[in-house]
Amino acid sequence: MKCEHCTRKECSKKTKTDDQENVSADAPSPAQENGEKCDTSKHKVLVVSVCPQSLPYFAAKFNVSVTDASRRLCGFLKSLGVHYVFDTRIATDFSILESQKEFVRRYRQHSEEERTLPMLTSACPGWVRYAERVLGRPITAHLCTAKSPQQVMGSLVKDYFARQQNLSPEKIFHVIVAPCYDKKLEALQEGFPPALHGSRGADCVLTSGEIAQIMEQGELSVKDAAVDTLFGDLKEDKVTRHDGASSDGHLAHIFRHAAKELFNEDVEEVTYRALRNKDFQEVTLEKNGEVVLRFAAAYGFRNIQNMILKLKKGKFPYHFVEVLACAGGCLSGRGQAQTPDGHADKALLRQMEGIYADIPVRRAESSAHVQELYQEWLEGINSPKAREVLHTTYQSQERGAHSLDIKW
């Protein structure tokens with residue numbers, strides 16, 4: 001597509017729409033017809049960040065390894081004119097590390113007078129929006145204040161990366177590729193962080209399914225390419241994930257950290273036990289015959305409803321809950337693995353689960369780059385800037401005594 005102000009061939013691409021035949025790169029743009037010159041000040045750097053749960057979908061759909069899927073997706077995006085392709089794992093590192101610290105603090109502060117537990121995760125935009133709009137203050141007070149990986153990635157790209165490239169935030173157009181449609185809403189609702197000077201962290205969100213549709217319709221000759229990093233010419237040489245069966249794994253990472261920090265217990269294998277159904281599971285830590293940590297994973301709104309009702313009755317014995325709006329977790333997001341009639345493609349989902357399980361796990365604490373960024377970008381681990389960039393507040397109205405009486 002032609003830049004409105006461009007007269008140069010290199011700023012043109014062949015494109016085809018439903019209403020238009022192929023347009024030659026030599027065809028004049030509106031600006032050229034008026035005798036105008038290319039205004040390079042209006043050009044933007046295109047950046048795409050890909051969520052880890054999207055890659056198994058591309059691998060399963062195109063029947064390739066997850067590494068080949070990553071390289072093919074990156075090559076395709078760059079063939080469209082994208083300048084940089086990142087993955088969001090480093091943003092998830094920050095989200096997990098900040099959530100770990102917050103849980104330990106809440107656990108130590110919790111009392112009959114100050115009920116800071118359970119802590120509920122805040123990485124799922126569908127769940128967070130529901131908590132803010134419907135449930136109100138009794139529940140939002142329990143939401144973890146750490147920003148979601150998408151929000152952190154927006155700051156990394158529009159603040160840290162922009163500075164490295166000597167660009168202002170508005171000179172970058174940042175696209176997120178994600179497994180669910182709620183990420184689109186998250187981008188719109190995020191607002192304008194102060195560090196980004198009036199620019200949104202994410203300018204556009206496309207689902208994995210939308211990208212796959214573009215790939216299938218495209219007629220481009222694609223050359224595989226390695227995923228970029230935020231650190232100069234360094235490339236991502238292999239695909240890794242966090243320790244979650246179908247999510248970013250906040251539960252497993254926070255559970256291990258809390259066991260060590262609070263009880264000096266080293267937990268290597270996190271064992272899940274299914275309760276009501278496979279989407280409501282619990283993890284416990286026992287010490288001297290007593291359960292000292294009780295975590296849960298609640299996926300899907302039926303399990304969320306049950307959780308809320310028990311919270312209302314004071315019969316919810318958990319210290320922490322990983323809450324996701326999609327039954328089956330992030331891999332089952334409705335933005336991917338759907339049949340033409342809009343139902344979940346169960347065969348493809350099973351294949352994706354196997355692919356995701358085989359991806360090597362990397363713990364957030366092991367990232368040297370994250371520790372460098374805490375110092376170089378955020379002025380220290382517990383600095384005021386780290387608090388501003390990595391944490392958020394929630395907008396909700398005070399609710400009455402019957403605020404948890406929900407109609408589903």
Side-chain angles (χ1 to χ4, degrees), residues 46-55 57 73 77 82 84-99 120-132 143-162 169 172-193 195-196 199-211 227-230 241-242 244 246-250 253 322-326 329-336 364 370 373 377-378 388-395:
L46 302 180
V47 175
V48 174
S49 298
V50 182
C51 296
Q53 293 80 22
S54 292
L55 290 180
Y57 168 70
L73 175 62
L77 292 170
V82 173
Y84 297 94
V85 179
F86 302 129
D87 71 45
T88 62
R89 284 174 300 157
I90 192 168
T92 305
D93 288 339
F94 279 108
S95 181
I96 287 172
L97 291 172
E98 292 298 307
S99 299
L120 310 175
T121 54
S122 55
C124 171
W127 151 243
V128 170
R129 182 172 173 80
Y130 181 78
E132 288 183 310
L143 286 175
C144 177
T145 66
K147 286 186 177 180
S148 71
Q150 177 170 304
Q151 291 171 321
V152 176
M153 197 67 199
S155 293
L156 278 166
V157 170
K158 291 288 192 85
D159 185 21
Y160 175 76
F161 181 70
I172 296 177
F173 191 85
H174 184 207
V175 180
I176 300 284
V177 177
C180 82
Y181 289 98
D182 285 337
K183 296 289 187 181
K184 296 174 182 279
L185 194 59
E186 180 179 22
L188 289 173
Q189 294 293 318
E190 183 185 359
F192 303 94
L196 305 191
S199 176
R200 293 188 189 275
D203 299 292
C204 174
V205 175
L206 294 174
T207 66
S208 318
E210 288 169 334
I211 291 291
V227 173
D228 301 299
T229 72
L230 297 164
R241 65 175 175 89
H242 292 91
S246 61
S247 68
D248 285 323
H250 283 71
H253 290 273
E322 181 179 272
V323 189
L324 298 175
C326 290
C330 297
L331 277 182
S332 301
R334 292 187 61 113
Q336 60 186 24
V370 169
L373 284 170
W377 176 41
L378 299 172
E388 175 189 317
V389 173
L390 301 178
H391 289 263
T392 189
T393 57
Y394 299 102
Q395 305 299 319

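In this structure, the separation between OG1 on T88 and CD1 on I176 is 7.0 Å, given to the nearest 0.5 Å. Atom-to-atom distance recorded for S95:OG and Q150:CD is 11.5 Å, nearest 0.5 angstrom. Interatomic distance, CG of D248 versus SG of C330, reported as 6.0 Å (0.5 Å rounding). The line from CG of D93 to CD of E98 is 11.5 Å long, rounded to the nearest 0.5 Å. Atoms OG and NE2, on S99 and H391 in that order, are 7.5 Å from each other to the nearest 0.5 Å.
Scanning all heavy atoms of the two residues, the minimum distance from C144 to S122 falls at O-OG, 2.9 Å. Of all the heavy atoms in Q53 and S246, the pair that sits closest is CG-O, 4.1 Å. Nearest heavy-atom pair across V157 and I172 is O-CD1, 3.6 Å. Summarising the geometry of Y181 relative to R334, their closest heavy-atom pair is CE1-O, 3.3 Å, with the distance given to 0.1 Å.
Contacts of R89 classified as side-chain hydrogen bond (donor to acceptor under 3.5 Å, both in side chains), with partners at least two apart in sequence or in another chain: D87, E236, T240. Taking the side-chain hydrogen bond (donor to acceptor under 3.5 Å, both in side chains) definition, one finds that H174 meets it with S49, sequence neighbours left out. The side-chain hydrogen bond (donor to acceptor under 3.5 Å, both in side chains) test applied to D228 returns K78, K235, not counting sequence neighbours.
Between the side chains of D182 and W127, no donor N or O sits under 3.5 Å from an acceptor N or O. Side-chain contact of S247 with E322: a donor-acceptor pair under 3.5 Å is present, judged by distance alone.
Between C204 and the options V177, V48, V175, a side chain to side chain contact (heavy atoms under 4.5 Å, CB included) holds for only V175. Put simply, the residue from P125, C124, C180 that forms a side chain to side chain contact (heavy atoms under 4.5 Å, CB included) with E186 is P125.
With K183 contributing its side chain and T207 its backbone, the two residues share no donor-acceptor pair below 3.5 Å.
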